[in-house]
Amino acid sequence: MANSNLPRRIIKETQRLLSEPAPGISASPSEENMRYFNVMILGPSQSPYEGGVFKLELFLPEEYPMASPKLGRICLDILKDKWSPALQIRTVLLSIQALLSAPNPDDPLSENVAKHWKANEAEAVETAKEWTRLYASGV
Amino acid sequence: MVTIVIYHFAVPRNFRLLEELERGEKGIGDGTVSYGMEDADDIFMRSWTGTIIGPPNSVHEGRIYQLKLFCDKDYPENPPTVRFHTRVNMACVNQDTGMVEPSQFPMLSNWQRECTMEDILTQLKKEMASPQNRKLVQPPEGNEDQRVDQKGQ
């Protein structure tokens, strides 16, 4: 089988992600590459992202779990210096979901959005709602 | 017969480009080649700019060459398109468009998935110092604007 030398830990984690998904999170491995996951996170209720469906790609590098999963450009400490092999794919995705509930403008990817958030939070939240409706409505 | 090799654990496109982005941001070697994303808002990370500082002991010495690299959705299974934005007289470069002609540049025509944008720029720098290119008469400097921008081609 193509993925026969996939580490047992990854197989276990994958099985559990599929059989007991965390609320509002789905993660399924690609058929051709079991280290490559399509992820969907629902915007948390009571957040500006409520009603949105956020699609992500996740990749488990050769060094996983000694190195963190790769997830694009997301500023999250456990994806960088705070990674520990005791953490899992599930923990990482729950942290991203939590980040949607409590964005951290002190560690931004986009300086402009962070500036807006700090200068006028109410207006920034409106923009986030608008963009969720426009770009993440899941249609 | 066509043989298709599938790398089951190959790094998927976007993660590969993120690795290249990270490496480009840190800075490479002696700094004579460099690259970065042209449009930070493009989530598909397609358009890149590269810079080559002309190698010593050639007509290119001290010249700064700017290039555009375009990594389409099929990168890195297929090579990017590479175009000189700065005019240059080189055997593998189309004089009118600035395109690096894959037929004259084996790294593109015999593309290997493991090759990176850094490899392309480094190889082009080597080409500049090769016997067939190092003495070619070059157009005057400072003429970037004479060429029509052909983004993405």
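Reminder, nothing fancy here: chain letters follow the sequence lines and each chain counts from 1. Atom set for the values below is all heavy atoms of this structure, side chains included, hydrogens, waters and symmetry mates excluded.
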Would a hydrophobic clustering, with Ile, Leu, Val, Met, Phe, Trp and Tyr connected at side-chain separations under 4.5 Å, put B/Val88 with B/Leu136?
no
Heavy-atom contact with chain B under 4.5 Å, split by part of A/Leu60:
neither
Hydrophobic cluster identity match, A/Leu42 and A/Leu71, side-chain contacts under 4.5 Å:
no
Please list every donor-acceptor pair under 3.5 Å in which a side-chain atom of residues 78-90 of chain A meets a protein atom from a residue at least two apart or in another chain.
from: A/Trp83; atom 1: NE1; to: A/Pro65; atom 2: O; distance (Å): 2.9
from: A/Ser84; atom 1: OG; to: A/Ala86; atom 2: N; distance (Å): 2.9
from: A/Arg90; atom 1: NH1; to: A/Glu20; atom 2: O; distance (Å): 3.1
from: A/Arg90; atom 1: NH2; to: A/Arg16; atom 2: O; distance (Å): 3.4
from: A/Arg90; atom 1: NH2; to: A/Glu20; atom 2: O; distance (Å): 2.8

Report, as yes or no, whether the 6.0 Å neighbourhood of atom CZ on B/Arg134 holds more than 12 heavy atoms from other residues, nucleotides or ligands.
no
Mark yes when over 12 heavy atoms from residues, nucleotides or ligands other than A/Gln46 sit less than 6.0 Å from its CD; otherwise mark no.
no
Segment of B/Ile43 engaging chain A (4.5 angstrom heavy-atom cut-off):
neither
Please answer: with hydrophobic residues joined when any side-chain heavy atoms are less than 4.5 Å apart, are A/Ile74 and A/Val92 in the same cluster?
yes
Given that the side chain runs from C-beta out, which part of A/Leu58 has a heavy atom under 4.5 Å from chain B: side chain, backbone, both or neither?
backbone
Taking all non-hydrogen atoms of both residues, which atom of A/Gly72 and which atom of B/Phe15 are closest, and how far apart?
N-CE2, 3.8 Å
Heavy-atom distance under 4.5 Å between the side chains of A/Arg73 and B/Leu18, does that happen here?
yes
Count I, L, V, M, F, W, Y as connected when their side-chain heavy atoms are under 4.5 Å apart, and connections chain through other members. Are A/Val53 and A/Ile96 then in the same cluster?
no
Taking heavy atoms only and a threshold strictly under 4.5 Å, list by residue number the residues of residues 115-133 of chain B that touch chain A; give 'none' if the list is empty.
none
Indicate, with yes or no, if A/Leu100 and A/Leu109 share a hydrophobic cluster defined by side-chain heavy-atom contacts under 4.5 Å among Ile, Leu, Val, Met, Phe, Trp and Tyr.
no
More than 12 heavy atoms from other groups under 6.0 Å of CE on A/Met40
no
Out of curiosity, B/Asn14 CG to A/Leu56 CG, how far, rounded to the nearest 0.5 Å?
11.5 Å
Sidechain-backbone polar pair: A/Asn33 side chain, B/Ala10 backbone, donor-acceptor under 3.5 Å
yes
Rounded distance (nearest 0.5 Å) linking atom CZ of A/Phe59 with atom CZ of B/Arg13:
15.0 Å
